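See below for the structure under consideration.
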There are 2 protein chains.
Amino acid sequence: MAEIGKKTLRSWRRLARAQSFVADRIEAALKGAGLPALVWLAAFDELEKAGEPGLRPFELQRALELEQPAVSRLLDKMIGAGMAERRECDDDRRGWTVTATDSGRKTQERMATTQVAALTEHYLAHLSDKQARTLDEILGEFLSSSRASGNENSKNDH
Amino acid sequence: MAEIGKKTLRSWRRLARAQSFVADRIEAALKGAGLPALVWLAAFDELEKAGEPGLRPFELQRALELEQPAVSRLLDKMIGAGMAERRECDDDRRGWTVTATDSGRKTQERMATTQVAALTEHYLAHLSDKQARTLDEILGEFLSSSRASGNENSKNDH
DNA sequence: TCATAATAGATGCGTTTGTATCTTTGTCCA
DNA sequence: TGGACAAAGATACAAACGCATCTATTATGA
């Protein structure tokens, strides 16, 4: 197990380093373009995917895997910036729904463009086509395998 | 570019999700065992690698890719916990040197064991041997390629 | 139906983080 | 040699975060 530990460790550290390398570049590109942080884009994408009825905050929370107060405050800011809209929802008076505004969708698009540019430069550029495909494939299987088994004790179910 | 963007995006998101999935599990395992956060282990490992003279805080900063104040405070805590030791250094009176104490090395070992256990359960278990090898290989090439080119504007050089 | 439990969401509070700045010391070169 | 500039490290301050808690509403079930 000592030998397995070493190899495992190395590949895990590479995974972590690669991720933070790319994430840092994307965040820097967004900040450089005067755009909000990457979570906003994830939120916009979820809202878009959800379509017309919009999303309940708790649904967005699960999609983004954030703490509940984090979503609460994120939505505060998005609404405060005029990029998301709060709608009352009839069937549950505890909650409400969010949708993106036109301004929000515009920002979403600019963020997406910036992200793709950063990914092209800092991610794709360092992988061959074959490597990119293989990586995607392995990670896809990894994620479905891990989701199938070990999701009982995630940090976000309280 | 629209099509390239979509595939790139998907694989990047998978990379990010896989990393945070594993990182969350390791952090949870450490916390569950009453051990410090993962950065401490990275710091211990760097100190060990550095050997006797120890490390200057700025060297540790570069190794860990953290903000300078973060390292300053991390070392505060490690020293405060009796797990690291501050030594004056003669050749530069602006700075000093850190080394791990026996207590620190003991904690390092327990953390390493905990980490390997978490990796075995939450990382290795979801990959075949071949996938693990391929992943390691691709990420290794990715990292050296990215380090070779795009390290001019990292977020940590001020 | 009414009491109890569970869920949605907000907020208060202590901690952590990043940014900027400050002090001290070392380096460079005219 | 001295005077400007750069580097090491600490710290002040504000923003962000996590945890716990609170209120309001819905679901459960005796």
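Quick caveat: nothing in here was measured; it's all calculated off a predicted structure. So you know, we letter chains A, B, ... as the sequences are listed, proteins then strands, and number each from 1.
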key: Backbone of A:Ala29 reached by a side-chain donor or acceptor of A:Thr114 within 3.5 Å   = no
remark   = Atom CD1 of B:Ile79 and atom P of D:dG9 are separated, to the nearest Å, by 11 Å
request  = Among D:dC19, C:dA8, C:dT17, find the nucleotide with the atom closest to the side chain of B:Arg73.
outcome  = C:dT17
task = For B:Glu48 and B:Asp45, indicate whether the former's side chain and the latter's backbone hold a donor-acceptor pair under 3.5 Å.
result = no
task = Could you check how far CD of B:Gln68 sits from P of D:dA10, rounded to whole Å?
result = 7 Å
inquiry  = Distance check needed: C:dA8 P versus A:Glu59 CD, whole Å only.
reply    = 9 Å
ask   = Rounded to whole angstroms, how far apart are CD on B:Glu67 and P on D:dA14?
value = 19 Å
inquiry  = Main chain of A:Val116, side chain of A:Thr120: is a donor-acceptor contact present, judged purely on distance under 3.5 Å?
reply    = yes
Step-by-step salt bridge (Lys or Arg N to Asp or Glu O under 4.0 Å) determination, A:Glu46 to A:Lys49 = CA-CA 5 Å; A:Glu46 290 298 330; A:Lys49 210 164 56 175; 3.5 Å; yes
note = Taken to the nearest whole Å, CG/B:Leu55 to P/D:dG9 is 11 Å
query = Just checking, is any N or O donor in the side chain of A:Ser146 or B:Tyr123 under 3.5 Å from an acceptor N or O on the other one?
reply = no
query = Given atom CG of A:Leu75 and atom P of D:dC17, what is their separation to the nearest angstrom?
reply = 13 Å
query = In residues 31-39 of chain B, which ones come under 4.0 Å of DNA chain C, going by heavy atoms?
reply = none
ask   = Is A:Ser72 near enough to C:dG9 that one of its side-chain N or O atoms lies under 4.0 angstrom from OP1 or OP2?
value = no
message = Any side-chain to backbone donor/acceptor pair from B:Ser11 onto A:Asp136? Under 3.5 Å, distance only.
response = no
Interatomic distance where CZ belongs to B:Phe58 and P belongs to C:dT27 [whole Å] = 11 Å
Close approaches to DNA chain C from residues 85-97 of chain B, in residue order (heavy atom, under 4.0 Å) = B:Asp92, B:Arg93, B:Arg94
note = Between CZ of A:Arg56 and C1' of C:dG9 the distance, given in whole Å, is 9 Å
ask   = Taking A:Arg86 for the side chain and A:Trp96 for the main chain, is one N or O donor matched with an acceptor at less than 3.5 Å?
value = no
